[in-house]
Amino acid sequence: MTKRDVLTASTFSAAELENLLELTARMDGTRTGNVLQGRTIGLLFFEKSLRTRVSFEVATVQLGGHCLNIFAENELYGMEPDDRVVMDGTAEEHVKDAAKTLSRYVDALGVRHLHRSKSWDVDRQERLLHAYAEHATVPVINLESTLEHPCQALADIYTIRKNLLDLKGRKLTLAWTDHPEPKGMGPCHSLLHVAAMMGMDLTVAHPLGFELDDEIVGQARTTAESSGGSFRVVNDFESGVDGAEVLYARAWGAQKYWSDPEREAMVKRSLHSWRVDEEIMKRTDNALFMHPLPVRRNVVATDDVLDGDRSVIYDQAENRVHAQKALLTHLLG
Ligand code: CP
């Protein structure tokens with residue numbers, strides 16, 4: 001049987017996403033199960049994590065399984081992802097050998113790795129993640145990469161549907177916000193895929209120069225339009241949020257400054273107003289406020305918004321457990 005990897009949220013068909021959401025709803029409220037009895041999930045973290053790490057462990061335990069968290073950057077050998085390389089540099093082990101070995105120990109493998117070299121075009125290829133998927137003989141789940149964060153997107157779209165019910169034609173704005181660091185685009189791209197599949201009316205608001213990945217934006221636009229929704233990009237914060245029923249705030253770094261974060265920081269000095277506050281929320285249609293966390297309070301959004309009665313940030317975090325239980329059951333059940 002071919003193994004199923006989840007590297008991008010676009011891997012799901014609309015019917016599969018619907019099944020996953022129904023399964024997530026069933027998992028929401030039940031803490032016991034035995035689908036993973038006698039099974040082990042291995043998670044490789046090349047980056048920091050609070051929610052993904054803990055929610056996967058809790059989800060696995062609630063399904064009767066065991067979860068191994070490996071802090072790969074410190075605990076594993078330096079990894080070589082490319083084939084036919086003479087490994088006389090710093091890499092000590094090939095991903096092929098690590099992935100094939102780990103596949104003898106675990107039943108699924110999660111990988112969090114965000115590439116940050118000098119080139120966006122190179123990093124967007126996600127060589128390490130794809131090398132694990134190519135060589136592992138068990139399912140590989142993306143726990144956040146340069147381009148995608150599919151598990152976050154499953155929790156996010158479940159959170160939105162739980163609040164708004166029918167999503168077709170509902171207005172979601174994904175708004176770029178200020179941040180002292182160049183953050184990854186993964187949660188944003190994956191959200192666009194699943195929200196487009198649900199036929200939502202999508203607006204992406206960001207300053208000029210902070211475009212999301214062209215290919216993923218193109219895919220999301222096509223999906224939204226063929227699912228009865230719509231897709232637009234605006235470069236003005238206020239008009240971008242007007243009438244939104246869901247306001248999803250997230251910072252992301254600019255491709256054009258990928259090799260020059262100092263230059264990006266200078267450009268962002270004039271963009272501090274891209275912060276969600278009560279005035280921005282008043283322009284929306286009483287929108288749900290969403291953010292995947294961690295969040296820089298009073299930079300990305302004010303305390304009043306984050307702690308306000310339209311904020312669902314902790315529901316999103318909780319729903320990671322339910323959505324990942326559904327995903328693990330779907331893949332391994
Ligand atoms: N949202 C999210 O993935 O959080 P962590 O980085 O804490 O895992």
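Ligands are counted one by one from 1 in listed order, and the atoms in each one are counted from 1 as well.
- When non-hydrogen atoms are compared, ligand 1 lies under 4.0 Å from the side chain of R112 (C-beta onward) but not from its backbone.
- Under the 3.5 Å distance criterion, with hydrogens and angles disregarded, no donor-acceptor pair is assigned to the side chains of Q316 and T159.
- Within the listing of ligand 1, atoms 5 (P), 7 (O), 8 (O) sit less than 4.0 angstrom from a heavy atom of L50.
- Nearest heavy atom pair, residue R250 against residue P292, reads NE-CG, 3.5 Å.
- In this structure, F46 and Y132 have tilted ring planes: the angle between them lies in the 30° to 60° band.
- Between F210 and W176, the two ring planes are tilted [angle within 30° to 60°].
- Within the listing of ligand 1, atoms 1 (N), 2 (C), 3 (O) sit less than 4.0 angstrom from a heavy atom of R320.
- Using a 4.0 Å cut-off to heavy atoms of H149, the atoms of ligand 1 that qualify are 2 (C), 3 (O).
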| task | Could you go through the salt bridge (charged side-chain N to carboxylate O under 4.0 Å, His left out) check for R124 and D213 one step at a time? | result | CA-CA 9 Å; R124 74 177 300 289; D213 184 73; 2.8 Å; yes

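- For R116 (side chain) and W258 (main-chain N/O), a donor-acceptor pair under 3.5 Å exists by modelled atom type.
- Side-chain polar atoms of R232 and T203 form a donor-acceptor pair below 3.5 angstrom.
- In terms of N/O distances under 3.5 Å, ligand 1 is not approached by K48.
- Considering backbone and side-chain atoms alike, P292 places an N or O below 3.5 Å from some N or O of ligand 1.
- Taking any N or O of R51, backbone or side chain, at least one lies under 3.5 Å from an N or O belonging to ligand 1.
- In terms of polar-atom proximity, defined here as any N/O pair under 3.5 Å, Q152 does make such a contact with ligand 1.
- Every atom of ligand 1 with a heavy atom of L293 under 4.0 Å away is listed here by number and element: 1 (N), 2 (C), 4 (O).
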